[in-house]
Amino acid sequence: MKQIFLHIQSIINTLNANVAPDEKIRFFDFDLGQLDQETPPVSYPCVLLSFGNTTWQQLGRYSNLGDTTINLRIAFKIYERTHSKNDPTFQAQALEHLDILALLKKYIAFTQGDDFSELLLSSEDSETRSDLRVYNLSFSTSITEDYQDAIPDPFTPWQDLQPPFPNPNGPDFCVHPS
């Protein structure tokens with residue numbers, strides 16, 4: 001999961017390096033409910049990430065494969081209106097956020113990392129709000145987790161002692177060097 005977060009953060013940094021200053025994503029983090037606060041503690045436009053339910057299957061003794069969903073909430077603060085009575089110049093400015101959204105989808109879709117497969121756009125919708133334009137993008141992927149390095153060498157908590165012993169009376173358990 002960490003690798004996916006860092007991957008999307010890297011994509012946003014790449015996008016920001018290739019767009020005009022007013023089109024840059026200004027805030028990226030996990031979705032902790034920031035947009036649900038009275039005064040959201042974010043800069044706009046922002047991208048908030050959350051993970052959906054992951055279904056795991058065991059591949060081997062120390063390896064798992066998980067199918068998961070990555071949810072992105074993209075929020076824009078729009079000062080112009082898009083209605084048909086609006087001046088066409090202002091309407092064009094009000095719709096510019098859709099260009100940023102399309103560019104973000106283009107940069108993210110079909111990318112992959114070492115531990116996860118291609119990010120495939122699986123759904124898109126918007127939230128009805130009067131203060132912000134909020135879009136939800138969901139990407140599906142498969143994650144591979146390998147625990148081989150995390151498992152210590154096999155440890156035997158009890159092992160039967162087998163003769164021959166150096167001491168003819170049996171093993172010496174409490175021998176202190178003299």
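In what follows, every heavy atom counts, from backbone to side chain, and hydrogens, waters and symmetry copies are set aside.
- When the side chains of ILVMFWY residues are joined at heavy-atom separations under 4.5 Å, either directly or via intervening members, Tyr44 and Phe30 end up in two distinct hydrophobic clusters.
- Criterion: ILVMFWY side-chain heavy atoms under 4.5 Å apart, direct or through other members. Under it, Leu121 and Leu119 are part of a common hydrophobic cluster.
- Remark: side-chain polar atoms of Glu118 are not paired, donor with acceptor, to backbone N or O of Leu120 under 3.5 angstrom.
- Between the side chain of Asn16 and the backbone N or O of Ile25, at least one donor-acceptor pair lies under 3.5 Å.
- Relative ring orientation between His7 and Phe116 is described as perpendicular, the plane-to-plane angle rising above 60° on a 0-90° scale split at 30° and 60°.
- Hydrophobic clustering of Ile, Leu, Val, Met, Phe, Trp and Tyr side chains at less than 4.5 Å, counting indirect connections, keeps Leu48 apart from Leu104.
- In terms of heavy-atom proximity, Ser140 sits nearest to Ser122 at N-OG, 4.0 Å.
- Nearest heavy-atom pair, Leu101 versus Phe76, reported as atom, atom and distance to 0.1 Å: N-CZ, 4.3 Å.
- Using modelled atom types, one finds a donor on one side chain and an acceptor on the other under 3.5 Å when comparing Asp67 with Ser142.
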- Message: Between Leu72 and Asn136, is the side chain to side chain contact (heavy atoms under 4.5 Å, CB included) condition met? List the steps.
- Response: CA-CA 6 Å; Leu72 301 178; Asn136 299 300; over 6 Å; no

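- Looking at every heavy atom in both residues, Arg26 comes nearest to Pro21 through NH2-O, 3.3 Å.
- In this structure a side-chain-to-backbone donor-acceptor pair under 3.5 Å is missing from Thr54 to Thr68.
- A salt bridge does not link Glu127 with Arg133: none of the charged nitrogens is closer than 4.0 Å to a carboxylate oxygen.
- Atom-to-atom distance recorded for Leu132:CG and Arg73:CZ is 9.0 Å, nearest 0.5 angstrom.
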- Under the side chain to side chain contact (heavy atoms under 4.5 Å, CB included) rule, what do Ile8 and Leu49 come out as? Steps first, then yes or no, please. CA-CA 9 Å; Ile8 292 177; Leu49 180 144; 3.6 Å; yes

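- With no hydrogens or angles considered, a side-chain donor-acceptor pair links Ser138 and Asn71 at under 3.5 Å.
- Taking both residues in full, the closest heavy atoms of Trp56 and Ile143 are given as CZ3-O, 4.0 Å, listed atom of the first, atom of the second, then distance.
- Judged by distance alone, with hydrogens and angles left aside, the side-chain atoms of Gln3 form no donor-acceptor pair with the main-chain N or O of Gly113 at under 3.5 Å.
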- Task: Could you walk me through whether Val47 and Ile12 pass the side chain to side chain contact (heavy atoms under 4.5 Å, CB included) test, one step at a time?
- Result: CA-CA 9 Å; Val47 176; Ile12 290 171; 4.0 Å; yes

- Message: I'd like to know whether Tyr135 forms a side chain to side chain contact (heavy atoms under 4.5 Å, CB included) with Asp125, so could you lay out the CA-CA distance, the side-chain angles of the two residues, the decisive distance to 0.1 Å, and finally the verdict.
- Response: CA-CA 6 Å; Tyr135 299 89; Asp125 68 357; over 6 Å; no

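- For the pair Thr14 (side chain) and Ser10 (backbone), a donor-acceptor distance under 3.5 Å is present.
- At distances below 3.5 Å, not a single donor-acceptor pair connects side-chain atoms of Gln37 with backbone N or O atoms of Leu35.
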- Query: What's the verdict on ring-ring contact (aromatic ring centres under 6.0 Å, His included) for Phe5 and Phe51, showing C-alpha distance, side-chain angles and the deciding distance?
  - Reply: CA-CA 10 Å; Phe5 181 91; Phe51 292 101; 8.1 Å; no

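- The closest donor-acceptor contact from the side chain of Thr111 to the backbone of Ile108 lies under 3.5 Å.
- Considering only heavy atoms from C-beta on, Leu103 comes within 4.5 Å of Leu15 through its side chain.
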